[in-house]
Amino acid sequence: MIKPSIISRSYYSNSWNIQLREVAKDGYFKECIEIYRQMLRHGDSPDSFTFPFALKSCASLSLPISGSQIHSHVIKTGCEPDPFVQTSLISMYSKFSLIDNARMVFDENVHSRRLTVCYNALLAGYTHNSQPLKAMLLFQKMFSSDVPFNNITMLGVIPACALPENIGFGMSLHGCNVKYGTDCDSFVVNSLLTMYVKCGSTELARKLFDEIPQKGLISWNAMISGYAQNGLATQVLDLYSEMKFFGVEPDPVTFVGVLSSCTHLGAQRIGLEIEQRIARSNFGANTYLTNALINMYARCGNLARARKLFDVMGEKNIVSWTAMIAGYGMHGHGDIAIELFNEMKLTGIRPDGTAYVCVLSACSHAGLTDKGLGYFKEMERDYGTRPGHEHYACLVDLLGRAGRFQEVKELIDSMPMKPDGAVWGTLLGACKIHGDVKLAELAFERVIELEPTNVGYYVLLSNIYTNAENMEGVARVRVMIRERKLRKEPGCSYVELKGKVHLFVAGDRNHPRTNEIYEMLNRLEELIEESYGTEAKNEKLRRSEETTSTSAGVHSEKLAVAFGLLNTTADTEIVIIKNLRICGDCHLFMKVVSEVVNRGILVRDASRFHHFKDGTCSCNDYW
DNA sequence: GTAGGGTTAG
């Protein structure tokens with residue numbers, strides 16, 4: 001039998017092929033295409049050695065038309081059966097997202113259906129083109145047809161399982177790797193680690209991580225980013241210290257993960273440390289890193305610092321702009337957010353779905369209702385971005401805050417998809433602002449159908465009843481919570497001081513400075529009483545005492561603010577972070593404290609800031 | 001002589 005690779009091999013092609021190899025080795029793909037064109041002009045016929053270079057160059061340079069032209073040359077010269085050519089074609093079409101063409105090449109050649117490399121290329125193609133199911137099916141076919149697989153097969157198919165619903169398949173691949181020894185490859189291990197992380201199973205990822213005998217930088221990064229993506233910010237910081245302890249040098253990827261956790265924790269001080277470390281390590285020009293820094297400062301409330309980084313950075317991409325817009329939006333500077341958003345469009349950057357979420361929420365916080373409505377219309381009309389659930393939730397928030405409930409109802413009815421929990425939950429939040437008990441009951445009913453175990457909504461409704469002095473309603477919600485065996489997560493709050501995060505839970509007495517903290521709390525009570533008198537104090541604090549049930553009656557945020565007051569000077573603002581999606585009524589207490597101590601106090605929860613100063617509150621009660 | 005791959009931000 002003639003080996004396919006020597007079909008149509010010609011003497012004249014040889015010198016061209018040698019040139020191609022030299023040039024491709026160094027990644028000069030433009031030059032490769034040029035040599036290929038010259039070859040054709042000379043009347044020399046490309047052969048099975050020529051095509052892989054030419055096809056790979058087209059793939060790298062994103063030249064789909066040239067790619068399909070070369071495919072026709074492949075057919076003309078009869079090089080189709082060559083396994084190298086087939087693999088190159090499959091890989092090229094996959095990179096152009098023309099996955100059906102890739103599949104056709106695979107199916108039309110008897111050879112490919114027995115070849116590991118062709119399976120590998122197609123598997124990676126399905127995975128990268130968001131068709132995980134097809135990737136998994138293809139692997140099964142490969143397995144059952146006894147086509148041998150290798151570590152590269154695994155790298156193609158493992159990421160297909162990076163969805164919570166596919167974790168079972170992922171675990172069986174893990175088993176497969178152990179059985180066939182492909183798990184010794186560090187690439188495969190890192191890929192498995194990432195797969196577990198993306199499935200949301202940081203425990204399994206950590207177990208695997210701990211079993212790696214010699215962890216490389218990428219394993220550390222995968223684990224750190226994994227914790228960061230799953231919101232386990234304290235674990236990120238712990239692992240980062242561990243990494244430093246083992247003498248592993250961090251790179252930009254590490255820093256991006258750590259910075260994202262600083263953002264979650266509001267740990268600006270630790271973020272600053274990282275920034276200085278970045279400055280020392282010459283990673284300054286990395287766009288990912290600068291974006292992470294901008295995001296961290298913007299969300300932590302240091303808009304000036306964020307803006308400075310933003311203004312001096314070289315190439316701003318959509319993420320840089322969005323981070324800045326979101327920062328202004330969440331701190332009540334809706335006007336600047338909008339200005340920046342318009343400026344971004346002028347520079348030719350097309351806003352995407354996330355950018356619209358940020359600008360809509362900025363409008364909502366600044367009370368720019370009609371501007372927000374305009375942006376909502378523009379997003380699909382001018383940019384072809386279909387509004388998703390999150391955009392509808394923003395719009396409900398926008399209209400709901402403005403008390404335009406009739407329009408909210410019309411909007412919800414007009415939604416092309418079923419409204420999700422966020423939409424009804426946002427409406428519930430708006431009902432709290434306007435004290436609309438009837439609509440709140442409707443929104444509650446809907447949201448509970450969708451998220452029956454989200455205790456935050458029960459608390460919210462209970463607060464609405466409290467405000468309306470409907471004690472029967474409050475009791476009814478309490479019974480529901482008890483009957484459904486729901487428990488309010490133990491709220492915890494933390495405050496960052498001198499680069500250390502201090503965490504408190506309700507009634508906490510574990511902090512080494514517990515006595516001082518409780519003394520400070522007593523002094524605060526006295527101060528409030530002095531300022532408002534007993535009656536008013538009780539009136540002002542009543543709701544927060546009643547609606548948030550804690551065993552000791554001392555909520556975590558009170559401890560955090562007391563600790564903050566003990567450790568900062570009069571001119572610094574105190575930032576407290578709550579781990580709950582819904583802040584409950586800690587605002588009331590903070591507002592009062594902020595007035596009596598004449599200090600800015602910032603309470604942050606999952607995604608937004610609540611700012612109290614001089615009795616003003618630019619916050620939303622719910623998110 | 002040529003083909004297939006892991007970690008990063010809003």
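Reckoned from all heavy atoms, side chains included, excluding hydrogens, waters and symmetry mates. Throughout, protein chains are lettered first and strands after them, A, B, ... in sequence-line order, and every chain is numbered starting at 1.
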Decide yes or no on ring-ring contact (aromatic ring centres under 6.0 Å, His included) for A:Phe53 and A:Phe29, but give the supporting numbers first.
-> CA-CA 8 Å; A:Phe53 292 119; A:Phe29 296 117; 9.8 Å; no

Below 6.0 angstrom between ring centroids: does that apply to [X] and [Y]?
X: A:Phe49; Y: A:Phe84; result: no
X: A:Trp321; Y: A:Phe341; result: no
X: A:His174; Y: A:Tyr196; result: yes

Gap between atoms [atom1] and [atom2], on [X] and [N] respectively (whole Å):
X: A:Phe341; N: B:dG10; atom1: CZ; atom2: P; value: 18 Å
X: A:Met195; N: B:dG6; atom1: CE; atom2: C1'; value: 13 Å
X: A:Phe255; N: B:dT8; atom1: CZ; atom2: P; value: 17 Å
X: A:His73; N: B:dT2; atom1: NE2; atom2: P; value: 23 Å
X: A:Gln19; N: B:dG1; atom1: CD; atom2: P; value: 18 Å
X: A:Asn14; N: B:dT2; atom1: CG; atom2: P; value: 13 Å
X: A:Glu315; N: B:dG10; atom1: CD; atom2: P; value: 19 Å
X: A:Asn177; N: B:dG6; atom1: CG; atom2: P; value: 15 Å

Side chains of [X] and [Y]: do they bring a donor and an acceptor to under 3.5 Å?
X: A:Asn120; Y: A:Thr153; value: yes
X: A:Tyr36; Y: A:His73; value: yes
X: A:Thr182; Y: A:Asn151; value: no
X: A:Tyr28; Y: A:Glu22; value: no

Would A:Lys207 and A:Glu211 count as a salt bridge (charged side-chain N to carboxylate O under 4.0 Å, His left out) if you check the C-alpha gap in whole Å, the side-chain angles of each, and the deciding distance to 0.1 Å?
-> CA-CA 6 Å; A:Lys207 196 166 163 276; A:Glu211 285 166 6; 3.7 Å; yes

Has the side chain of A:Thr322 got a donor or acceptor that lies under 3.5 Å from a partner of the other kind on the base of B:dG10?
-> yes

Distance-only donor-acceptor test, A:Asp185 side-chain atoms vs B:dG6 base atoms, 3.5 Å = no

Using the six-membered ring for Trp and the full ring for Phe, Tyr or His, decide whether A:Phe187 stacks on the six-membered base ring of B:dG5 (centres under 5.5 Å, planes under 30°).
-> yes

Taking the six-membered ring for Trp, does A:Phe49 stack with B:dT2 (centroid gap under 5.5 Å, planes within less than 30°)?
->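 So no, this residue does not stack on that base, at least one cut-off failing.
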
From the options [options], select the nucleotide whose nearest atom is closest to the side chain of [X].
X: A:Ile218; options: B:dA9, B:dT7, B:dG4; result: B:dT7
X: A:Ala121; options: B:dA3, B:dG4, B:dG10; result: B:dG4
X: A:Lys95; options: B:dG5, B:dG6, B:dA3; result: B:dG5

Determine: side-chain N/O of A:His128 to OP1/OP2 of B:dG4, distance under 4.0 Å, yes or no.
-> no

Counting just side-chain N and O atoms, does A:Asn190 come under 4.0 Å of either OP1 or OP2 of B:dT7?
->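 For B:dT7, OP1/OP2 do not have a side-chain N/O of A:Asn190 under 4.0 Å.
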
Does [X] reach a base, just sugar-phosphate, or nothing at all? Heavy atoms under 4.0 Å.
X: A:Ile325; value: nothing
X: A:Ser88; value: sugar-phosphate
X: A:Phe53; value: sugar-phosphate

Ordered by number, residues from residues 139-157 of chain A within less than 4.0 Å of DNA chain B (heavy atoms) are A:Asn150, A:Ile152, A:Leu155

Does any residue of residues 223-243 of chain A have a heavy atom under 4.0 Å from DNA chain B, and if so, which ones, in number order?
-> A:Ser225, A:Gln229

Given A:Tyr126, A:Tyr119, A:Phe149, the one that forms ring-ring contact (aromatic ring centres under 6.0 Å, His included) with A:Phe139 =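 Between A:Phe139 and the candidates, ring-ring contact (aromatic ring centres under 6.0 Å, His included) is satisfied uniquely by A:Phe149.
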
